[in-house]
Amino acid sequence: MPSTLLDIRHLTVVYAGEGRAPDLPVLDDLSFAVDEGAFVAILGPSGCGKSTLLRVLAGLLPPTRGQVWLAGRPVQGPQRQVGMVFQNANLLPWRTVLGNILLPLQVQGVPEAQARRRAYDMVRLVGLEGFEDTLPRDLSGGMAQRVALARALVHNPRLLLLDEPFANLDALTRESMWGELLRLWHTQRQTVLMVTHSITEALLLADRVLVLGPRPARLRLDLRVPLPRPRHEAMRFTPRFGHLAEEVRAALGLRRAPRPAPQPLPWDTIAG
Amino acid sequence: MAALPRTFPRLPAPSRRYEALSIAVGLALWWAVARLSGLPPFILPTPGQVLRRGWDALQSGLLLRHTWVTLQEVLVGLSLGVLLGAPLGYALAKSRRLERIFAPYIVASQAVPVVAIAPLLIIWFGPGMQSKVLITVLITFFPLLMNTLVGVRSVPEEMYHLLCSLGARRWQVLRYLEIPAALPMFFSGLRIAATLSVVGAVVGEFIAAREGLGLLINEARGRYDTALVFVGVLTLMVLALGLYAAVRYAEKRLLTWQRRNGQAVVTGPGPRASSFVKEATP
């Protein structure tokens, strides 16, 4: 029985309106818990407060009401147990690949030699050997996002927060990054919370998909993804995956695709 | 795996010879006008006469003495301008309230030409080096302040989130994020300030001074020693260009991460350089 790492209780966030602007409620009485080692995806319409949720979890934004508990302690301010990946790789352009990965360790005052060893390990882990001294401007989008992943993991956080990390990548790079992320998750065993716009991405990667409604966001659906691991990209062409996707689409308020429910075919039992 | 960075062939850089040729033609024209127009040397001396006058002034120690004074004023003034402009620019970038408080004075100090305030400073601080340094500070601190301010303000919010999420303290944000991010803008301010600092010192020396290149030019003019005026002006030019080159050199050494002009590095798909780099490049 895995222990609970993250516990969100009655979380409400309201942005105070400036001047005469009315207050803007973003999250409304949100409660859920995440087990240690789980991979959870959060889906929701644009502007529903998914990014706000991540910022609260990272301790960047205090909740208006409610509490967030991380590893048995309430979150008050930034957490060293959290690593974050942003939509844009968000690399410091004056630092090399290695320099960017070193940043969290420098901020946390890890001794130089130890930090460099650890950073080199991370470079190898994300497959960027030989690019240690490359500047971000010379990296492709996929490579930059690998560096961002390495940077988020270098200080060995317990919780990895991903804010639409692959949204700005082209379709092919995104698919290769899915595999990369799963591989990292298998070796590192962090708890992952990923905000995404892609139903496929959510279902293919996560153990559990949370669907948020439009602002102010409430939990619309808490779906366990019963697909076996290791996951494979081909799984998304199975009927089982299709059914799950339909369920998520319905929760998001999207129209059901106008086609008959697919009949199980003999090879589904093999692939799925 | 994405493609390795490839470097496109640069446009062929035109040879340095063109510059040398251009200067040579200019000197020849000067010489021709001075010679063929029949103007007396106190109106327009030839390059040869200026060179001879310069050599004399150098031998007698006159030129070096005045140059040294002006150089001191420029360097001290510019340094103080940096020490004043950069921190103030940072403070104003971080606080809209401070910006409001200081804005009237900053705008006023820039609306009035320095030449007009200079006599006041001379009255208050005397004809010595102090007043020249102050005029130089006044003229250099504004571009330094504004560029630092814009540089700090241009740091993307997401980068602050990154540093904050790591639990960085105030000084760590300054050291790891704000200073390196604002450095390109700061340097473009410093380039402007370096050239202006020479203007500031000479303006002060023109009004009242005991020594300095401004005084040298002023006195030479009084004696119709036009060749010496030319010597003074050319020395100022060398001073300003030298200062500018020193700033450029420091900039190139410190900002190696910046995209160099005319060199396009093309990589695989995805955003190549963050918009930040483009904005920061002057």
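By convention in this document, chain letters (A, B, ...) are assigned in the order of the sequence lines, proteins followed by strands, and residues within each chain are numbered from 1. When reading the values below, keep in mind they use all heavy atoms of this one structure, side chains included, and skip hydrogens, waters and symmetry mates.
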Any B/Cys164 side-chain heavy atom under 4.5 Å of A/Met84 side chain:
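No - every pair of side-chain heavy atoms lies 4.5 Å or more apart.
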Backbone of B/Trp257 reached by a side-chain donor or acceptor of A/Arg137 within 3.5 Å
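At least one qualifying donor-acceptor pair exists.
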Please check if the side chain of B/Gln172 supplies one atom and the backbone of A/Val107 the other of a donor-acceptor pair under 3.5 Å.
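At least one qualifying donor-acceptor pair exists.
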[X], [atom1] atom: more than 12 neighbouring heavy atoms under 6.0 Å:
X        : atom1 : result
B/Arg170 : CZ    : yes
A/His197 : NE2   : yes
B/Phe102 : CZ    : no
A/Glu129 : CD    : yes

For chain B, which candidate among [options] shows the most heavy-atom pairs at distances under 4.5 Å?
options                               : answer
A/Leu161, A/Leu135, A/Asn90           : A/Asn90
A/His155, A/Arg151, A/Gln145, A/Gln79 : A/Arg151
A/Pro104, A/Ser176, A/Ala89           : A/Pro104

Side chain, backbone, both or neither of A/Gln106 within contact of chain B (heavy atoms, under 4.5 Å):
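Both parts, backbone and side chain.
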Taking atom [atom1] of [X] and atom [atom2] of [Y], what is their separation to the nearest 0.5 Å?
X        : Y        : atom1 : atom2 : value
B/His161 : A/Leu60  : NE2   : CG    : 6.0 Å
A/Leu91  : B/Met159 : CG    : CE    : 8.0 Å
B/Thr256 : A/Trp94  : OG1   : CH2   : 13.0 Å
B/Leu162 : A/Asn100 : CG    : CG    : 8.5 Å

Toward chain A, the part of B/Leu177 with a non-hydrogen atom under 4.5 Å:
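Both the backbone and the side chain of B/Leu177 come within 4.5 Å of chain A.
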Considering all heavy atoms of both residues, which atom of A/Gln87 and which atom of B/Glu158 are nearest to each other, and what is their separation?
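The answer is N-OE2, 4.2 Å.
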With side-chain contact (heavy atoms from CB on, under 4.5 Å) as the criterion, how do B/Leu166 and A/Val82 come out once you've worked through the C-alpha distance, each side chain's angles and the decisive distance to 0.1 Å?
CA-CA 8 Å; B/Leu166 294 170; A/Val82 171; over 6 Å; no
